[in-house]
Amino acid sequence: MPELPDVEGFRDRLSATLPGRRIDAVEVRDSGVLRNASARALNRALSGHRFEEPRRHGKWLLLPAEGPTLLVHSGMTGRPYYTSAADGDRHDRVVITLDRGELHYTDQRKLRGIWLVDSQEDIDDLLRDQGPDALGLDRHAFTEILRRHRGALKPTLMDQSVVAGLGNLLVDEICWRARLNPKVHVGELGDSDVRRLHRAVTSVLRTAVRHGCVPGLRRWLTRVRDDTDPSCPRCGTRLRRGRVGGRSTVWCSQCQPG
DNA sequence: GCAATTGTTGGGAG
DNA sequence: GCTCCCAACAATTG
């Protein structure tokens with residue numbers, strides 16, 4: 001689930017609760033989510049520290065704590081959340097007890113997880129291959145980035161080293177909005193195509209961030225993509241399903257020819 | 001039992 | 001070097 005809008009929602013909610021909270025204890029219930037540190041190292045590095053303002057880059061969430069920083073990548077099913085009560089989730093893997101409330105990381109599938117780093121250099125290292133964040137990317141920068149690539153549109157937009165934050169649902173929604181076939185090659189796009197694409201990225205992201213997910217709104221592809229026999233919310237044509245770049249893809253052969 | 005799943009990585013082919 | 005495909009990671013659902 002987590003793409004840029006979801007992670008931005010995590011960041012926004014944690015921003016309202018986490019800064020200033022002191023870490024009292026780190027309880028690791030499933031070390032399968034720890035990617036580069038032991039539970040003991042986590043405890044030692046974080047205990048007594050206070051969380052600062054959370055940040056985000058693409059699908060990465062950064063939780064700095066006066067020196068050490070937790071980097072969270074939620075994979076497909078992860079979600080960090082603050083709770084003031086002692087409630088939780090079935091798949092809570094890490095529970096950090098704070099001086100007030102708790103920070104939980106729940107993750108059913110554990111495809112990614114949590115990294116602990118202790119310097120800006122280590123952060124840069126982990127995020128080295130990330131392209132610029134998709135949110136707030138202006139048209140000039142977007143065009144310049146796109147012009148460096150030749151492959152199919154959808155895999156290019158989903159490549160986190162090209163642009164950081166776009167996932168499967170978002171990219172389908174963006175291509176549909178821009179009336180571009182997900183299989184079209186980036187090199188074939190004209191200036192007006194790129195302009196339309198940038199507008200679609202911006203507007204879809206802005207709305208999705210407001211909702212904290214890719215919303216199934218009235219005139220959105222996401223609303224119908226999981227229907228048994230979905231039709232285009234714009235023109236009514238039966239939607240096509242297939243795989244593009246190895247991912248399940250939905251598009252409208254009428255609105256997105258090619 | 002088999003396929004599929006909203007993410008990422010590494011290996012290998014062309 | 002670039003692009004694409006596959007398998008793997010893991011857990012659950014249809």
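Convention: sequence-line order gives letters A, B, ...; per-chain numbering from 1.
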Give me the distance, rounded to whole Å, that separates [N] from [M] when you measure between the [atom1] atoms they each carry.
{"N": "dT3(C)", "M": "dT6(B)", "atom1": "P", "answer": "23 Å"}
{"N": "dC6(C)", "M": "dA3(B)", "atom1": "P", "answer": "14 Å"}
{"N": "dA7(C)", "M": "dC2(B)", "atom1": "P", "answer": "15 Å"}

dT3(C) base / Arg150(A) side chain donor-acceptor hit below 3.5 Å
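A donor-acceptor contact between them is absent.
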
Return the nearest nucleotide to the side chain of [X]; candidates are [options].
{"X": "Met158(A)", "options": "dG7(B), dT3(C), dC4(C)", "value": "dG7(B)"}
{"X": "Arg109(A)", "options": "dA11(C), dT8(B), dT3(C)", "value": "dA11(C)"}
{"X": "Arg112(A)", "options": "dT5(B), dT12(C), dT8(B)", "value": "dT8(B)"}
{"X": "Leu111(A)", "options": "dC9(C), dT6(B), dT8(B)", "value": "dC9(C)"}
{"X": "Lys110(A)", "options": "dA10(C), dG7(B), dT12(C)", "value": "dA10(C)"}
{"X": "Arg247(A)", "options": "dC4(C), dT12(C), dG7(B)", "value": "dG7(B)"}

Between [Y] and [X], is the closest basic N to carboxylate O distance under 4.0 Å?
{"X": "Asp133(A)", "Y": "Lys59(A)", "value": "no"}
{"X": "Arg179(A)", "Y": "Asp193(A)", "value": "no"}
{"X": "Glu66(A)", "Y": "Arg50(A)", "value": "no"}

Between atom [atom1] in [X] and atom [atom2] in [N], what is the gap in whole Å?
{"X": "His185(A)", "N": "dC2(C)", "atom1": "NE2", "atom2": "P", "result": "16 Å"}
{"X": "Gln108(A)", "N": "dT13(C)", "atom1": "CD", "atom2": "C1'", "result": "9 Å"}
{"X": "Lys183(A)", "N": "dC5(C)", "atom1": "NZ", "atom2": "P", "result": "11 Å"}
{"X": "His57(A)", "N": "dG7(B)", "atom1": "NE2", "atom2": "C1'", "result": "16 Å"}
{"X": "Glu188(A)", "N": "dT3(C)", "atom1": "CD", "atom2": "C1'", "result": "15 Å"}
{"X": "His149(A)", "N": "dG1(C)", "atom1": "NE2", "atom2": "P", "result": "14 Å"}
{"X": "Asp226(A)", "N": "dT6(B)", "atom1": "CG", "atom2": "C1'", "result": "9 Å"}
{"X": "Asp107(A)", "N": "dC9(C)", "atom1": "CG", "atom2": "P", "result": "17 Å"}

Parallel, tilted or perpendicular, judged at 30° and 60°: which one describes the rings of His104(A) and Tyr81(A)?
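It falls in the tilted class, 30° to 60°.
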
Taking only N and O in the side chain of His73(A), is any of them less than 4.0 Å away from OP1 or OP2 of dT8(B)?
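Yes, His73(A) has a side-chain N/O under 4.0 Å of OP1/OP2 on dT8(B).
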
Looking at Gln160(A), does any N or O in its side chain come under 4.0 Å of the phosphate oxygens OP1/OP2 on dG7(B)?
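So the side chain of Gln160(A) is outside the cut-off, no N or O lying under 4.0 Å from OP1 or OP2 of dG7(B).
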
Hey, does [X] reach any base, or is it just sugar-phosphate, or nothing, if we go heavy atoms under 4.0 Å?
{"X": "Arg243(A)", "answer": "sugar-phosphate"}
{"X": "Gly246(A)", "answer": "nothing"}
{"X": "Ser248(A)", "answer": "sugar-phosphate"}

Could you tell me which nucleotide pairs with dT6(B) by Watson-Crick or G-U wobble geometry, both distances under 3.5 Å, or answer none if nothing does?
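Partner of dT6(B): none.
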
If we ignore hydrogens and angles and just use 3.5 Å, is the side chain of Asp92(A) paired with the main-chain N or O of Val94(A) as donor and acceptor?
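It does not hold such a pair.
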
Cationic tip of Arg225(A) above Trp251(A) ring, under 6.0 Å, 45° of axis:
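No, cation not above the ring by the 6.0 Å, 45° rule.
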
